[in-house]
Amino acid sequence: MDWADELATRVRDSGPQVVNDSKTPSGTVHVGSLRGPVILDAIARALRANGVQTTLLYGVDDLDPMDAQALLTPDAVGHEMGRPLAHVPDQAGDCHASYARHHAQRFIDIFAGLGIHPDRYYWMSEIYPTGAMDPYIRLALDRAAVVRDIYRRVANVQHPDTWHPLGAICPNCGKVGTTIVTEWNGHQVHVECRERLVEWARGCGFDGWITPFGGAAKLPWNLEWAAQWSLFGVTIEPGGKDLSTAGGSRDRSDAIAREVFEREPPLNVPYEFLNIGGRKMSTSNGRGAAAHTMAEVIPPEQLRFLFLRPKPNHAIDFDPDGTDQIPRLFDEFDKFAAATAGREVKGDLPPGHEATFRYSLLDPAADVASEAGAFRPAFSHLALLAQVPGVDIGQRAEAEKGEPLTSREQALLEERTAAARGWLDAYAPERARVAVHEEAVPPEAADLDVAQRRFLAELSVRAGADAPASGDDWQTLIFEVARGVDLPPRRAFEAIYRAFLGRANGPRAGWLLASLEPAFAVRRSWEASGWTTAGSPGPIPVGG
RNA sequence: GGGCCGGUAGCUCAGCGGCAGAGCAGGGGACUUUUAAUCCCUGUGUCGUGGGUUCGAAUCCCACCCGGCUCACCA
């Protein structure tokens with residue numbers, strides 16, 4: 001991801017930078033909408049790494065009108081639709097001051113979990129009453145004709161000549177989505193709260209003059225955006241493709257910044273979205289897409305990595321459902337970590353891979369070398385171990401590493417194990433699942449050759465006699481018996497996997513068998529061997 | 001209709017003027033404690049199509065085809 005560092009180099013000599021983004025807290029968030037904030041954070045980190053004094057701002061546009069009734073209780077729809085989000089009561093009733101606070105807080109909590117810590121959150125519902133927006137409101141009203149011209153020219157939207165760029169909050173019903181300003185006399189605006197201005201909310205019919213300052217009115221979206229740039233001195237602001245399209249919101253706000261507020265707009269970093277399975281992300285496209293599920297399965301650093309690895313203007317096609325994309329994401333992350341730690345890695349690495357790793361870390365101040373060098377067991381291996389009862393994953397990881405895990409590595413292991421379990425629950429393809437076929441000998445056992453069947457028969461007899469109790473006991477026995485019948489260990493293990501799991505490979509066989517009912521282990525070995533008490537190998541009684 | 005992104009090996013993608021690449025999957029082999037481990041070997045693909053520029057094009061230019069997203073009301 002050299003793009004962030006390139007950007008930083010580009011603005012290095014332009015003085016302090018203010019990076020900004022803002023969001024309307026209209027409701028729930030899906031994973032894809034986190035790409036913007038992650039990019040925002042990476043830009044801020046890259047600027048700081050390049051010695052640029054940087055302020056990271058995040059705004060909550062909570063004076064925007066409530067326009068989604070899905071999250072309102074039915075009796076609240078009529079009264080609340082069209083009112084500023086900050087004035088709508090919290091529907092969840094969990095002690096937030098408003099609907100906007102509730103949703104914004106949930107969003108902010110996600111930020112923190114992803115290592116995103118803006119220097120300041122600002123709330124438009126708090127900014128307007130201070131009068132800070134008044135100069136911009138005045139400018140917008142004075143230059144209403146210019147604004148109308150911009151809409152016509154840039155966005156091909158023709159407003160009536162009486163239209164003024166201001167959203168007054170109706171002094172009678174408190175709604176902002178239903179009002180229209182038709183006149184401005186330099187002190188006051190003429191407001192009409194129309195019953196049917198929009199389909200989604202009802203106006204009260206108010207008609208009169210109000211003073212539009214100090215929180216009595218808000219600027220419409222495109223003007224508010226441009227005014228924020230002026231108010232906060234924003235120099236960089238990434239924008240999703242929904243805004244950054246030609247003739248779209250960003251173009252309009254850019255023109256407004258230049259022609260109405262007379263300020264050069266900030267540098268845009270347009271970014272693409274995250275698609276699920278080549279389709280637009282939504283909670284309805286399958287079990288795979290739900291945001292909370294995704295967050296359970298992908299730890300924060302891998303989620304950051306997912307967003308930061310591709311260039312911002314490349315769409316991310318993520319399809320975790322029934323695929324190995326999540327294990328691959330971990331493998332790729334581990335590869336970047338290994339490379340950053342200076343270890344030899346297979347295959348190619350994109351330019352700037354060290355930066356990608358660094359900016360994927362949760363803690364901006366983390367010791368990159370130590371993080372990169374930390375032991376991380378392979379995700380797919382964990383997913384396998386997680387399916388075997390009685391396995392001590394911590395012990396296994398330690399054995400693999402060859403020395404005790406540090407406390408950090410212990411934490412990584414736990415996080416990753418939880419992710420693996422979540423993946424198995426929600427997304428994993430059938431071939432990644434391991435299940436003991438309890439009912440009958442799996443069909444895959446039919447492929448066993450005579451030597452393997454002999455091994456299973458012998459194993460059954462010996463296990464019946466020795467009663468191995470632990471995984472180690474079983475493991476030793478397996479090797480012993482294999483040696484006894486002159487079968488290479490690899491083929492011996494394959495025989496066990498086919499007989500019990502119906503597949504050619506699996507988790508450590510000794511521990512697998514130790515986790516089963518001893519009588520069952522003995523019986524199944526015998527059944528799958530096709531041996532009879534008479535001692536001759538007959539056909540294997542294969543079941544479903 | 002406008003905009004953006006993509007179309008390179010079975011899959012995921014890198015390469016973006018100089019001999020078509022990697023990972024994974026697949027195939028073959030080695031390994032007597034190996035556990036989807038490790039190691040070695042294995043890639044003949046109209047680089048979406050058609051033109052053009054160039055000594056040389058997957059790469060630059062033009063046109064087109066296909067796929068996806070997005071904007072065309074508000075935010």
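A note on names: the letters A, B, ... follow the listed sequences, proteins ahead of strands, and every chain is numbered from 1.
- For Arg328(A), taking side-chain heavy atoms from C-beta onward, the closest of the listed nucleotides rG3(B), rA75(B), rU12(B) is rU12(B).
- The separation of rG2(B) from rU59(B), taken at their P atoms, amounts to 25 Å, rounded to a whole angstrom.
- Only the C1' atoms considered, rA14(B) is 12 Å distant from rA58(B), to the nearest whole Å.
- Within 4.0 Å of Ser380(A), counting heavy atoms only, lies at least one base atom of the nucleic acid.
- In this structure, Glu224(A) places its CD atom 9 Å from P of rA75(B), rounding to the nearest Å.
- Comparing the same atom, P, in rG27(B) and in rG43(B) gives a spacing of 16 Å after rounding to whole Å.
- Atom-to-atom, CH2 of Trp474(A) to P of rU33(B) comes out at 21 Å; the value is rounded to the nearest Å.
- In this structure Phe493(A) satisfies the ring-ring contact (aromatic ring centres under 6.0 Å, His included) test together with Phe479(A), sequence neighbours excluded.
- Listed nucleotides: rC69(B), rA75(B), rC5(B). Nearest to the side chain of Asn313(A): rC5(B).
- Using a 3.5 Å distance cut-off with no hydrogens or angles, the side chains of Asn313(A) and Glu272(A) do not pair a donor with an acceptor.
- Remark: Tyr497(A) engages no residue in a ring-ring contact (aromatic ring centres under 6.0 Å, His included) (not counting sequence neighbours).
- Residue His314(A) places none of its side-chain N or O atoms closer than 4.0 Å to OP1 or OP2 of rG68(B).
- Counting atom types as modelled, Thr245(A) pairs a side-chain N or O with a base atom of rG2(B) as donor and acceptor under 3.5 Å.
- Base engagement by Ser249(A) is indicated by at least one non-hydrogen atom pair under 4.0 Å involving a base atom.
- Taking only side-chain nitrogens and oxygens, His381(A) never comes nearer than 4.0 Å to OP1 or OP2 of rA37(B).
- For the pair Val157(A) and Asp324(A), both in contact range of RNA chain B, the more 5′-proximal nearest nucleotide belongs to Asp324(A).
- Between Trp221(A) atom CH2 and rA72(B) atom P there is a gap of 12 Å when expressed in whole angstrom units.
- Look at the C1' atom in both rA30(B) and rA37(B): the space between them is 14 Å, to the nearest Å.
- In the set rG15(B), rG68(B), rC24(B), the nucleotide with an atom closest to the side chain of Lys311(A) is rG15(B).
- Rounded to whole Å, the separation between the P atoms of rA20(B) and rG1(B) comes to 39 Å.
- Between Phe357(A) and Phe305(A), a ring centre-to-centre spacing not shorter than 6.0 Å is recorded.
- Phe333(A) places none of its side-chain heavy atoms less than 4.5 Å from the side chain of Thr356(A).
- A gap of 15 Å separates the P atoms of rA63(B) and rC5(B), to the nearest Å.
- A side-chain N or O of Asn20(A) and one of Tyr122(A) form a donor-acceptor pair less than 3.5 Å apart.
- Across all strands shown, Pro220(A) has heavy atoms under 4.0 Å from sugar-phosphate atoms exclusively, and none from any base.
- Stem regions annotated for RNA chain B: B:1-7 with B:65-71, B:10-13 with B:21-24, B:26-30 with B:38-42, B:48-52 with B:60-64, counting only runs of 3 or more consecutive pairs of Watson-Crick or G-U type with both contacts under 3.5 Å.
- Taking the P atom of each, rG7(B) and rA75(B) are spaced 36 Å apart, rounded to whole Å.
- With rC24(B), rU70(B), rC74(B) as the choices, the nucleotide that has an atom nearest any side-chain atom of Arg252(A) turns out to be rC74(B).
- Between Glu480(A) and Trp200(A), the one whose closest nucleotide on RNA chain B sits nearer the 5' end is Glu480(A).
- One can place CZ of Arg35(A) at 14 Å from P of rU70(B), the figure rounded to the nearest angstrom.
- Between the side chain of Lys218(A) and the backbone N or O of Asp64(A) there is no donor-acceptor pair closer than 3.5 Å.
- For the pair Ile316(A) CD1 and rU12(B) C1', the computed distance is 14 Å after rounding to whole Å.
- A side-chain N or O of Asp5(A) and one of Tyr359(A) form a donor-acceptor pair less than 3.5 Å apart.
- Ring orientation note: the planes of Phe330(A) and Phe379(A) are close to parallel, at an angle under 30° on the 30°/60° scale.
- One can place CG of Asp331(A) at 17 Å from P of rU12(B), the figure rounded to the nearest angstrom.
- Distance CG (Leu243(A)) to C1' (rC73(B)): 15 Å, rounded to an integer number of Å.
- Taking atom C1' on both rU53(B) and rC62(B), the two are 11 Å apart, rounded to the nearest angstrom.
- Residue Phe493(A) is in base contact, counting any heavy-atom pair closer than 4.0 Å across all strands shown.
- Put simply, CD on Gln158(A) is 15 Å from C1' on rC73(B), counting in whole angstrom units.
- Contacts of Asp64(A) with the nucleic acid, taken as non-hydrogen atoms under 4.0 Å apart, involve only primed sugar atoms and P, OP1 or OP2.
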